[in-house]
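Here the structure comes first, spelled out in structure tokens, and everything after it is commentary.
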Protein chains: 2
Amino acid sequence: MPRPRSLTQEQLASAALAVIDRDALAGLSMRAVAQELGMSTMGLYRYVDDREELERLVVELVLSAVDTEPPDRDASWRERIEVMARRLRDTVGAHPAVVPLTITHRHRSLGVLRWSETVLGVLTEAGIEGERRVVALRGLLSYVIGAIQLEHLGSLSGPGTVAISQLPPADFPHMAETARHARNVGPDQEFLGGLAMLLDGLGA
Amino acid sequence: MPRPRSLTQEQLASAALAVIDRDALAGLSMRAVAQELGMSTMGLYRYVDDREELERLVVELVLSAVDTEPPDRDASWRERIEVMARRLRDTVGAHPAVVPLTITHRHRSLGVLRWSETVLGVLTEAGIEGERRVVALRGLLSYVIGAIQLEHLGSLSGPGTVAISQLPPADFPHMAETARHARNVGPDQEFLGGLAMLLDGLGA
DNA sequence: ACCTGAACACCGTTCAAGT
DNA sequence: ACCTGAACACCGTTCAAGT
């Protein structure tokens with residue numbers, strides 16, 4: 001790893017994120033980021049080993065914006081978990097184009113680790129311990145990750161619903177009927193509703 | 001769309017899947033698939049508009065292998081949902097390298113639509129109707145999708161746990177302790193445990 | 001009509017050369 | 001020491017040419 005001089009890795013990640021937000025993920029290239037920074041393409045390799053590391057920095061930049069301060073202790077532990085889940089969802093949702101990157105690079109993110117640490121603290125205060133706490137954390141994380149993707153990459157509301165309404169109703173009777181009800185369920189209600197199922201199951 | 005002659009789209013998808021299974025997702029290219037089929041690269045464009053359509057066919061091929069027959073009606077509706085969740089997870093898990101592709105192309109997959117139709121049928125028989133059924137289906141799908149990814153792209157067990165054990169324990173006390181318990185939780189137990197939380201919440 | 005290979009405009013990255 | 005541009009080995013895809 002070379003030692004940065006005029007730039008920080010964070011500035012590099014910001015430039016890459018700017019490219020992605022403007023030109024979508026397909027627009028991300030070493031050349032595009034270099035141009036965004038007004039430097040030569042090869043100059044990037046002074047700050048980064050390869051494209052993969054650049055992607056990891058972008059994911060880290062996005063996820064490090066998650067507020068991981070423990071929520072107000074006056075709230076019930078259930079409310080505090082809801083707050084944490086919303087924070088993660090909203091932070092990623094601010095940059096939907098990076099969602100596919102988070103999939104491959106999420107597990108190395110300090111932001112998610114800090115988020116997990118705070119959630120584990122809340123679970124512990126709720127009296128959830130040992131293996132049950134492992135399962136609870138992983139269950140919550142799985143749900144939030146999946147929900148973010150469903151929301152931003154082909155949702156039941158939006159274009160997904162259109163596709164469903166074009167399905168042969170004879171083969172998909174339940175889908176046809178569900179699509180009608182889905183129109184009345186907004187993304188927030190959907191996200192919090194699924195989360196409520198999980199929390200009910202956790203014994204809140 | 002051109003009309004196929006010597007090949008079907010399914011054969012094309014199989015060849016692409018073979019390339020992915022052998023050389024990982026990075027090895028997938030139009031040239032590699034053409035070589036796998038013993039034809040010219042441009043010959044592929046007779047069967048497919050572009051690379052994206054090829055990827056969609058691969059996802060469809062994998063997901064169409066999910067058994068969507070309604071499970072044994074002697075089982076409780078909770079057990080039947082568990083069967084459906086396991087089927088989806090195990091089918092995708094047979095080709096972990098395509099997981100990143102399923103993320104972008106899943107929503108157009110007939111396999112997932114059929115899976116959803118069957119799950120909705122079970123939920124209906126359980127007396128879950130209207131908007132609550134929408135939320136239940138989406139919650140289940142979110143969880144299964146997220147859990148598949150967590151399992152195959154950076155799990156808490158495996159390399160993820162190693163990373164966690166290298167974290168400064170002073171900053172991550174709960175993570176350190178949880179990692180110890182995580183060693184005793186296998187992937188199946190983890191998957192079914194999180195699912196059980198959801199099903200408990202659904203009122204099984 | 002069906003299929004092909006050369007060519008184009010990209011990509012990430014290596015490497016030798018500049019200051 | 002730091003930074004650069006040409007070059008290499010790849011991409012997906014266009015297009016004119018073959019049978």
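Naming: A, B, ... by sequence-line order, numbering from 1 per chain.
Heavy atoms of other residues, nucleotides or ligands lying less than 6.0 angstrom from CD of B:Glu10 number 12 at most. For B:Gln35, the CD atom sits in a loose shell: 12 or fewer heavy atoms of surrounding residues, nucleotides or ligands are nearer than 6.0 Å.
Between the side chains of B:Glu60 and B:Gln9, no donor N or O sits under 3.5 Å from an acceptor N or O.
Nearest heavy atom pair, residue B:Ala85 against residue B:Val144, reads CB-CG2, 4.1 Å. For the pair B:Val58 and B:Ala16, the tightest heavy-atom approach, listed with the atom from each and the gap, is CG2-CB, 3.5 Å. A pairwise comparison of heavy atoms in B:Ala97 and B:Ile20 identifies CB-CG2, 3.6 Å as the closest pair. Here the closest non-hydrogen pair linking A:Ala18 and A:Glu36 is CB-OE2, 3.8 Å. The two residues A:Leu141 and A:Ser116 make their nearest non-hydrogen contact at CD2-OG, 4.5 Å.
Rounding to whole angstrom units, CD of residue A:Glu55 and C1' of C:dC11 are separated by 13 Å. For the pair B:Leu44 CG and D:dG12 P, the computed distance is 10 Å after rounding to whole Å. Rounding to whole angstrom units, CG of residue A:Leu7 and P of D:dC2 are separated by 14 Å. Atom CG in A:Asp23 sits roughly 13 Å away from atom P in C:dC10 (whole-Å rounding). Taking atom CG of B:Leu54 as the reference point, atom P of D:dC11 lies 14 Å away to the nearest angstrom. Atom-to-atom, CG of A:Leu28 to C1' of C:dC11 comes out at 11 Å; the value is rounded to the nearest Å.
Here the options are A:Arg114, A:Arg86, A:Arg87, the test is salt bridge (Lys or Arg N to Asp or Glu O under 4.0 Å), and the partner is A:Asp67; only A:Arg87 passes.
The pair B:Arg56-B:Asp50 fails the salt-bridge criterion, with no side-chain N (NZ, NE, NH1 or NH2) lying under 4.0 Å from an Asp/Glu carboxylate O. Residues A:Arg51 and A:Glu55 are paired through a salt bridge, judged by an N-O separation under 4.0 Å between the basic side chain and the carboxylate.
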Expected rows: protein N/O vs nucleotides 14-19 of chain D N/O, under 3.5 Å:
none

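Closest to the A:Thr41 side chain, of the nucleotides C:dC2, D:dT13, C:dT13, is C:dT13.
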Under the rule of Watson-Crick or G-U wobble with both distances under 3.5 Å, where | means paired to another strand and [ ] a crossing pair, DNA chain D maps to ||.|||||...|||||.||
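Of the residues in residues 30-40 of chain B, those placing a heavy atom less than 4.0 Å from an atom of DNA chain C are B:Arg31, B:Ser40, in numerical order.
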